[in-house]
Protein chains: 2
Amino acid sequence: MANIHDVAKLAGVSIASVSRMLAGENVRSAEAIRQAITDLGYRPNASARGLRLGKHHSIAVIVPDISNPYFAALVRGIEERAMTQGFRIVVASSDEQFSAESELLGNLIDAVDAVAIVPAEEGDRTRRMLADLNKPVVLIDRTVGDEPGFDLVHVDNASGAKAAADYLLSLGHRSFGIISGRQDTVPGRVRHQVFLQTLADAGIQVPAEAVKIGEFSRDFGRRAAQELIDNPTGITALFVGNNTMAQGALLSLHAAGVSIPGQLSFLCFDDFDLAELLPAPVTVISRPAIAEGHAAADLLLERIEHFGSPDQPPLEHKVLPVSLTIRQSCSAPASN
Amino acid sequence: MANIHDVAKLAGVSIASVSRMLAGENVRSAEAIRQAITDLGYRPNASARGLRLGKHHSIAVIVPDISNPYFAALVRGIEERAMTQGFRIVVASSDEQFSAESELLGNLIDAVDAVAIVPAEEGDRTRRMLADLNKPVVLIDRTVGDEPGFDLVHVDNASGAKAAADYLLSLGHRSFGIISGRQDTVPGRVRHQVFLQTLADAGIQVPAEAVKIGEFSRDFGRRAAQELIDNPTGITALFVGNNTMAQGALLSLHAAGVSIPGQLSFLCFDDFDLAELLPAPVTVISRPAIAEGHAAADLLLERIEHFGSPDQPPLEHKVLPVSLTIRQSCSAPASN
DNA sequence: TCGACAACTGTAAACGTTTTCAGTTGGATG
DNA sequence: CATCCAACTGAAAACGTTTACAGTTGTCGA
């Protein structure tokens, strides 16, 4: 409630001196000011400062759904880094809707210095919307168009998908199913295509009826797996494009009594809680959500610092490694 | 970039008219102003507004760890409600540290209108710290002292713990173990005490060596269960105070080859992802994290509205119901 | 003792709003 | 046609900072 004038009066100086001392400059009566500040419990008003400086010390973080553990971990990573620089995190969930996303951003943008976003759509309208913000932006996990013009933080989806395919091939599988997420997103597309391409390079085609493409949701995973169960295709291995779909698929497979890895080897992208506790602990391609958050925040903080000045650091595209975590959901196919 | 002056000039009116029209008042030249606003892409500056009004349209949400799925869901619930009123959410994780919490709050408080918090400590210093904020506060899941003086959102821990005990008793168990969280928190204490009291009412004591109390963490759950395994106590049922400890305990039990529910019936507070997929799908007391978030946000928004005015609504203590979700981790004890 | 200079200080403007207060308009009423 | 009043309008102050600018000190060397 006390403002800088109160402090100045109590310390017997002008408000300029208080402001300067707060900014770390040398001031004759620093001690008196410090005293007055603690006596009054003064803290500078963030809005006034924001108004004057055009800075807010805040970063907007837009994710499809904060209650998804992966995104929550991502937010945590961003938060950890941002906090060290005194930056606040403003979060919002887009529900994978471009419209929600752009409305959210409209409301938030004036109160933040930068945006970290997992965009709902990778199309050009998203790119334009973000460019119009005129603030530092980092794209996480996905991208927007071929020349996004923003910093990027991705994981090495291609290597992950290739590792998955190679591993299953090495076990002897020749007949595959795949459940993939939306092909208009980088993770959906890359994981899908690289997996299939790796098989193709080994001379193996995946029949159309064993390819399921849809939302990155538990519900779609469940339905897709159910279809595979209902229309047997003779596949011996199933690759699923992310953890939420995988959980759905496991639900269906479990309900149908499909034994893993006995009847079907199962491998998915993204680790998840308790994957190791399932009847057949799931082999996964795991990725470092917290580290992604760190990388995104670092990029953003760096860019905030230089924003507006001519010596912009060049755009960066950080690609973090993924790793194959082998558990027990994959084995050699049953010989027949 | 455009400000209200630019809009006023373009529309040929004074800035007062623009401001009024934005506030929904009747204005002669509304159409021209609307036009100018869209032409210029004008959006009111949040800092200026915040400075002038002393309002920020933001709510701080402090949780122990945003990457914990339960808290993430809570945040999601708060966000859903807050969004409908145009409020932003500023999140931060306290890591269960009072010091971190109060520092965070110090940085955030000037930029928000209210605080939703799962406090790290339930002691008096937390109560004082929150009271000093002089803003609406809602405590979620925990409390601070006997007369907190804030709105509260809890789940019915007592009923849940009693339901758990009753259920296990009804199956015929007479020999119990318990793993509980910190006793200086409401959920830790109530769940622990009510469970034991319900058993006591049935004439059953739990031996000290089968009672484990510690952090609400996966790691503590793992260690506690390991101790139970290493020093057999002959228990036939185990109650665990929350989901993270439960996951740790399951890890230990699984590693030790303890069959559930064959050798041990297992029941815990809080549902978790995939609980239904485990070798023995876990019977749980489940609680509505999103609904808790909704309740908290509703309380806060209501209080923000009336803050400062004399007609404060009375403090509320919302207690949301929990439910026993029976799966397959509990059965009658093996007869001997 | 004087002047130069470094080091500090204070005044006032600016940031972009909202809102009070004192008008101005124009239609209805007598 | 004068008056009144409702409905609107604009100028200016205020919110709490930071910072350019123009001083004011005090020290040191000559």
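Sequence lines set the chain letters: A, B, ... in the order given, protein chains first and strands last, and positions in each chain run from 1. Small disclaimer: the values here were computed from a predicted structure and weren't measured.
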D/dT19 phosphate, OP1 or OP2, under 4.0 Å from A/Ser19 side-chain N/O: no
Once you round it to whole Å, what is the distance between P of C/dG27 and CZ of B/Arg28? 10 Å
Rounding to an integer number of Å, can you tell me how far B/Ile37 CD1 sits from C/dT17 P? 10 Å
Ring geometry between A/His57 and A/Phe87 (parallel below 30°, tilted from 30 to 60°, perpendicular above 60°): parallel
Value in whole Å for how far the P atom of C/dG16 lies from CG of B/Asp6: 9 Å
Check the distance between C/dC8's P and A/Ile33's CD1 and give it to me in whole angstrom. 12 Å
Could you check which of D/dG10, C/dT18, D/dT18 has an atom nearest any side-chain atom of B/Ser14? D/dG10
Is NZ or CZ of B/Arg76 both nearer than 6.0 Å to the six-membered ring centre of B/Phe71 and within 45° of the ring axis? no
Reading DNA chain D from 5' onward, which residue's closest nucleotide shows up sooner: A/Ala2 or A/Arg20? A/Ala2
Among the nucleotides C/dT17, D/dG16, C/dA12, whichever has the atom closest to the side chain of B/Pro44 is C/dT17
Within 45 degrees of the axis of the six-membered ring of B/Phe98 and under 6.0 Å from its centre: does B/Arg125 put its NZ or CZ there? yes
Answer yes or no on whether B/Arg127 is positioned over the face of B/Phe150, meaning its NZ or CZ is under 6.0 Å from the six-membered ring centre and within 45° of the axis. no
Is a donor on one side and an acceptor on the other found under 3.5 Å between the side chain of B/Ser94 and the backbone of B/Ala120? no
Whole angstroms only, please: what is the CD1-P distance between B/Ile4 and C/dG16? 11 Å
Establish, with yes or no, whether the OP1 or OP2 oxygen of D/dC8 is under 4.0 angstrom from a side-chain nitrogen or oxygen of B/Asn26. yes
Nearest-Å distance for atom pair NZ/C1', residues B/Lys9 and C/dG16: 14 Å
Expressed as a whole number of angstroms, how long is the span from A/Leu51:CG to C/dT18:P? 12 Å
Under 4.0 Å from OP1 or OP2 of C/dG16: is there any side-chain N or O of B/Asn45 that close? no
Between atom NZ in A/Lys55 and atom C1' in D/dT19, what is the gap in whole Å? 17 Å
Does A/Ser17 have a side-chain nitrogen or oxygen under 4.0 Å from the phosphate oxygens OP1 or OP2 of C/dC8? no
Taking the side chain of B/Ala16 as heavy atoms from C-beta outward, which of D/dG10, D/dG16, C/dG16 is closest to it? D/dG10
Mind checking if A/Leu53 touches a base, just sugar-phosphate, or nothing, with heavy atoms under 4.0 Å? sugar-phosphate
Along DNA chain D (nearest heavy atom to each residue), the more 5'-positioned of A/Val18 and B/Arg52: B/Arg52
